[in-house]
2 protein chains.
Amino acid sequence: MKELTKQQSKVLACVEVYLNKTGFPPTRAEICKELGFKSPNAAEMHLRALEKKGYIAIQSGSSRGLSIVKSQQSFEPVSDSVPVIGLVAAGSPTLAEENIEKRISCDPSLFAEGFDYFLKVKGLSMIDAGIHEDDLVAVKKTTQVKNGDLVVVRIEDEVTLKYFNQQDHLLELIPANKDFSTIKIDLREQEAFVEGKSVGLIRTH
Amino acid sequence: MKELTKQQSKVLACVEVYLNKTGFPPTRAEICKELGFKSPNAAEMHLRALEKKGYIAIQSGSSRGLSIVKSQQSFEPVSDSVPVIGLVAAGSPTLAEENIEKRISCDPSLFAEGFDYFLKVKGLSMIDAGIHEDDLVAVKKTTQVKNGDLVVVRIEDEVTLKYFNQQDHLLELIPANKDFSTIKIDLREQEAFVEGKSVGLIRTH
DNA sequence: TCATATACTGTAAAAATATACAGTATAAAT
DNA sequence: ATTTATACTGTATATTTTTACAGTATATGA
């Protein structure tokens, strides 16, 4: 895909915004009005260039016969795009831009309960649960978890993925690997925050 | 929201389909052509009725100035739907309707190489590869596989998911579970068909 | 210095389109 | 029996819109 000039980019954005707002594409004249051009031919030329570069399609002879082929920015993606967050050793797995490794275009309803983000797994502590390094665990943000759930828990600045088991004040975070030991926390002494629970997993071979 | 008459419903569907196909709304004349009307006024009247009932908005004076306010049905899902096939003990994992357990709405580009269907895993032979019973393995139909790939192979009427290793005439299908033994086939004596290879996996917790 | 690409203005004609008006037909409701 | 709502045909026109053509200006590389 070829690069766009600054003006072409503006025109494409104008078409996308108009389409979003009204539900149908703008005319040449409307693009001009929006961008301050004084001749419909200005818009026409930019549209032709955008067509040639493969960003839009022009239905010749039809009024407002424009359609977006390739949105320049991620305007609205076709399916939703779900952020992938690295299982950072420090800090809460926030959706802040700096923590997002990438985005994956997939439907949040892929897993029945819905989910909010993918967490990229580090380490081997859950290997016996079939969860490998670099697997993406689909996490639903919730604090409503029950014993046996696979949960994302934050303790101080550390985020971890473990099985959840709580009896009164004693929280156990149980790994699925005999080489790792269960994390035991007395909630009267130390805080632990349930960030969410795993509702699924995807892996790329 | 008021009920639509049969014809109004048809017109609304026509607008939605046209919009889906072209990216912009139809003209009165195009609606007529689509539905067999002979006067643009037929379309006009239906559009006015749809506007009055709150299903569409009409931008007066603009060509193709229609926008959908309330879609009558949920039109087809945004992303593609991928079939899920049970790992049937007998027969090739065909995409024939009777073998499809269900469909999952997700983008085939979820995994970089693309894939054709999901295979629902039966048994524990790949458990040490983190592949559990009822996991869905994303399979790309291909015969181009190399040693070490996780492949879907059919031998006679049995379909199996194993690691692939071939040296000349000797095909080995290697499980990932010490309780299972490697399947060894002399291709001069017995046929084996590579149906595809695994490019990913999804699991619902 | 000359060609080339980008980025426009200005005008105008042909074609596409919305939309008003005058009818016809049919079934259901009053 | 008459009104009312739905569902159109057919025609015409004003308006919108595309699109071609003729220019102007500026920056960039050859």
Side-chain angles (χ1 to χ4, degrees), chain A residues 1-19 21-70 72, chain B residues 1-19 21-70 72:
Chain A
M1 192 74 58
K2 281 175 187 164
E3 287 294 305
L4 295 183
T5 68
K6 227 165 193 175
Q7 289 301 84
Q8 285 162 9
S9 178
K10 266 191 193 175
V11 171
L12 179 53
C14 174
V15 173
E16 294 187 286
V17 166
Y18 191 102
L19 209 43
K21 213 168 54 184
T22 67
F24 47 87
T27 64
R28 276 57 164 174
E30 285 162 347
I31 295 172
C32 289
K33 199 181 161 195
E34 203 66 36
L35 298 180
F37 304 155
K38 288 179 182 165
S39 165
N41 197 41
E44 179 74 24
M45 288 312 177
H46 288 309
L47 291 175
R48 292 280 173 83
L50 286 168
E51 188 188 29
K52 200 170 283 177
K53 291 184 180 178
Y55 283 79
I56 66 171
I58 301 178
Q59 181 66 249
S60 167
S62 293
S63 68
R64 302 176 187 274
L66 309 176
S67 55
I68 304 294
V69 173
K70 178 182 163 56
Q72 59 175 347
Chain B
M1 191 74 57
K2 282 174 188 166
E3 287 294 306
L4 296 183
T5 69
K6 228 165 193 174
Q7 289 302 83
Q8 285 161 8
S9 179
K10 266 192 194 174
V11 171
L12 179 53
C14 173
V15 173
E16 292 187 287
V17 167
Y18 190 103
L19 209 43
K21 213 168 54 184
T22 66
F24 47 88
T27 64
R28 275 57 165 174
E30 286 163 347
I31 295 171
C32 289
K33 199 181 162 195
E34 202 66 36
L35 299 181
F37 304 154
K38 288 178 183 165
S39 165
N41 197 42
E44 180 73 25
M45 288 312 176
H46 288 309
L47 291 175
R48 293 280 173 81
L50 286 168
E51 188 189 28
K52 201 170 282 176
K53 292 184 180 178
Y55 283 80
I56 67 171
I58 300 177
Q59 181 66 248
S60 166
S62 295
S63 68
R64 302 176 186 274
L66 308 176
S67 55
I68 303 294
V69 172
K70 177 179 165 56
Q72 58 179 344

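Throughout, protein chains are lettered first and strands after them, A, B, ... in sequence-line order, and every chain is numbered starting at 1.
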What's the separation between atom [atom1] in [X] and atom [atom2] in [Y], rounded to the nearest 0.5 Å?
| X | Y | atom1 | atom2 | answer |
| --- | --- | --- | --- | --- |
| B:Ile31 | B:Lys10 | CD1 | NZ | 13.5 Å |
| A:Leu50 | A:Leu66 | CG | CG | 9.5 Å |
| A:Thr27 | A:Lys33 | OG1 | NZ | 10.0 Å |
| A:Leu47 | A:Gln8 | CG | CD | 10.0 Å |

Whole-Å distance separating the [atom1] atom of [X] from the [atom2] atom of [N]:
| X | N | atom1 | atom2 | value |
| --- | --- | --- | --- | --- |
| A:Glu30 | D:dT18 | CD | C1' | 13 Å |
| B:Asn41 | D:dT6 | CG | P | 15 Å |
| A:Leu47 | D:dT17 | CG | C1' | 13 Å |
| A:Met45 | D:dA25 | CE | C1' | 15 Å |

By the side chain to side chain donor-acceptor pair (under 3.5 Å) test, which pairs, at least two apart or in different chains, include something from residues 34-44 of chain B? B:Arg28-B:Glu44, B:Glu44-B:Arg48

What are the bounds, 5' to 3', of the part of DNA chain C that sits under 4.0 Å from heavy atoms of chain A? C:dA7 to C:dT17

Using a cut-off of strictly less than 4.0 Å, decide whether B:Arg48 has a side-chain nitrogen or oxygen near OP1 or OP2 of D:dA5. no

Base, sugar-phosphate, or nothing: which does A:Gln7 touch, judged by heavy atoms less than 4.0 Å apart? sugar-phosphate

With a 4.5 Å heavy-atom cut-off, do A:Val15 and A:Tyr55 have their side chains touching? no

For B:Thr22 against A:Ser67, the heavy-atom pair lying closest together: O-CB, 3.2 Å

If you compare all heavy atoms of B:Tyr18 against all heavy atoms of B:Phe24, which two are closest, and at what distance to 0.1 Å? CD2-O, 3.0 Å

Which parts of residues 59-66 of chain B get close to DNA chain C, meaning a heavy atom less than 4.0 angstrom away? B:Ser60, B:Gly61, B:Ser62, B:Ser63, B:Arg64

